[in-house]
Amino acid sequence: MKKVRLTTIMVMAFISLSAMSCKDAKTENSTNSEMITEEDHSKMNHDNSDGHHDVDKKEMAMNGDGNSQTILNDYFNLKDALVADDNAKAKELGATLATSLGKLDISKYTDAQQSELKDIMEDAIEHAEHISESDIKHQREHFKVLSKDVTDMVAITGTQVKLYEQFCPMYDGGTAWLSTKEEIRNPYYGSQMLKCGKVQREIN
């Protein structure tokens, strides 16, 4: 019994520390907002400039392999808009993503994979369309499910670039998203808790 109690206490302490680390990050963000804002802006600009080059590389790499990489590119652009707390941009990119999701070529996959991809795309399109019409709070709620759909898609279609599945323990009981960068930029809290989260796994 003592061992069970000790284990329970340790688990609870770990959970509390995980939550506190994100809360501490929030406090740190607010106390050092000027320094972090400058640093983050420079990194975000760097990410954006890299992103344009990555688009070309990804599209060339996936030539003749459907539109899954176009979907990923649109998804990452949407993620970046949510990171930047940009509701208007996220609306525009939600509509763009809905279109690219609808164009996925599933003909080369097995019957079972085609059936699964149809279900994934149908659900993902619905959430992308909601993002194109919603305020930022609701955009983030839909982005949570959309991220799961895109992750499920990648499990079937694969990816030509390394992806990082990242996880925020604070948002809605714990929520994941995909990124091409190892560095955490949280789309669920944006500037409120920009660095809250961790890399959960790498997808090659």
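Numbering of residues begins at 1 and proceeds along the displayed sequence.
- Across D172 and T175, no two heavy atoms sit closer than the pair CB-OG1, 3.9 Å.
- Between F143 and Y171, the ring center distance fails the sub-6.0 Å criterion.
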Quiz: residues 111-121 side-chain donor-acceptor pairs under 3.5 angstrom, not counting sequence neighbours:
unit_1: Q113; atom_1: OE1; unit_2: T110; atom_2: N; d: 3.1
unit_1: Q113; atom_1: OE1; unit_2: T110; atom_2: OG1; d: 3.3
unit_1: Q114; atom_1: NE2; unit_2: I106; atom_2: O; d: 3.4
unit_1: Q114; atom_1: NE2; unit_2: S107; atom_2: O; d: 3.4
unit_1: Q114; atom_1: NE2; unit_2: Y109; atom_2: O; d: 2.8

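- In this structure, S132 and G94 approach most closely via the heavy-atom pair CB-C, 4.1 Å.
- Heavy atoms only, all atoms of each residue included: I71 and L97 are closest at O-CD1, 3.6 Å.
- In this structure, I125 and A98 approach most closely via the heavy-atom pair CG1-O, 3.9 Å.
- Rounding to the nearest 0.5 Å places SG of C168 at 11.0 Å from NZ of K198.
- A donor-acceptor pair shorter than 3.5 Å cannot be found between the side chains of T96 and D74.
- Atom-to-atom distance recorded for S179:OG and D80:CG is 7.5 Å, nearest 0.5 angstrom.
- With values rounded to the nearest 0.5 angstrom, E202 atom CD is found 10.5 Å from Q166 atom CD.
- Going from atom CD of E126 over to atom CG of L101 covers 12.0 Å, rounded to the nearest 0.5 Å.
- Between the side chain of N186 and the main chain of C196, a donor-acceptor pair closer than 3.5 Å is present.
- We find that K91 and E133 are not joined by a salt bridge, their nearest charged nitrogen and carboxylate oxygen being 4.0 Å or further apart.
- Between the Y75 side chain and the L178 main chain, a donor and an acceptor come within less than 3.5 Å of each other.
- Remark: side-chain polar atoms of N67 are paired, donor with acceptor, to backbone N or O of K103 under 3.5 angstrom.
- Checked by atom type and distance alone, the side chain of E165 never pairs as donor or acceptor with a backbone atom of V199 at under 3.5 Å.
- Closest of all the heavy-atom pairs between A90 and I131 is O-CG2, 3.6 Å.
- Residues Q200 and A176 share a closest heavy-atom pair of NE2-CB, 4.3 Å.
- Although no hydrogens or angles enter the test, the distance criterion places a donor-acceptor pair under 3.5 Å between the side chain of N87 and the main chain of S134.
- In this structure, W177 has its ring center closer than 6.0 angstrom to the ring center of Y188.
- Between K181 and R185 the shortest side-chain heavy-atom distance does not fall below 4.5 Å.
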Derivation of the side-chain contact (heavy atoms from CB on, under 4.5 Å) call for L104 and S68: CA-CA 6 Å; L104 179 67; S68 60; 4.1 Å; yes

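- Salt-bridge check for K144 with D149: failed, with every basic side-chain N at 4.0 Å or more from each acidic carboxylate O.
- Atom NZ of K89 is separated from atom CD of Q139 by 13.0 Å, given to the nearest 0.5 angstrom.
- In terms of modelled atom types and a separation under 3.5 Å, the side chain of R140 and the main chain of P187 share a donor-acceptor contact.
- V145 and M170 fall into different hydrophobic clusters, where Ile, Leu, Val, Met, Phe, Trp and Tyr side chains are chained together by heavy-atom contacts under 4.5 Å.
- In this structure, L93 and K79 have side chains that are not in contact, with every pair of non-hydrogen atoms separated by 4.5 Å or more.
- Within the 4.5 Å cutoff, no side-chain heavy atoms of N204 are placed close to those of T159.
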Determine, step by step, whether M153 and L72 satisfy the side-chain contact (heavy atoms from CB on, under 4.5 Å) criterion, reporting the C-alpha distance in whole Å, the side-chain angles of both residues, the deciding distance to 0.1 Å, and the verdict. CA-CA 10 Å; M153 178 198 79; L72 284 172; 4.2 Å; yes

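- There is no path of hydrophobic side-chain contacts, each under 4.5 Å, that joins F167 to Y189.
- To the nearest 0.5 Å, atoms CG (L194) and CD (Q192) are separated by 11.0 Å.
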Do I203 and Y164 pass the side-chain contact (heavy atoms from CB on, under 4.5 Å) test, and can you show the C-alpha distance, the side-chain angles, and the key distance before you say yes or no? CA-CA 6 Å; I203 305 170; Y164 297 91; over 6 Å; no

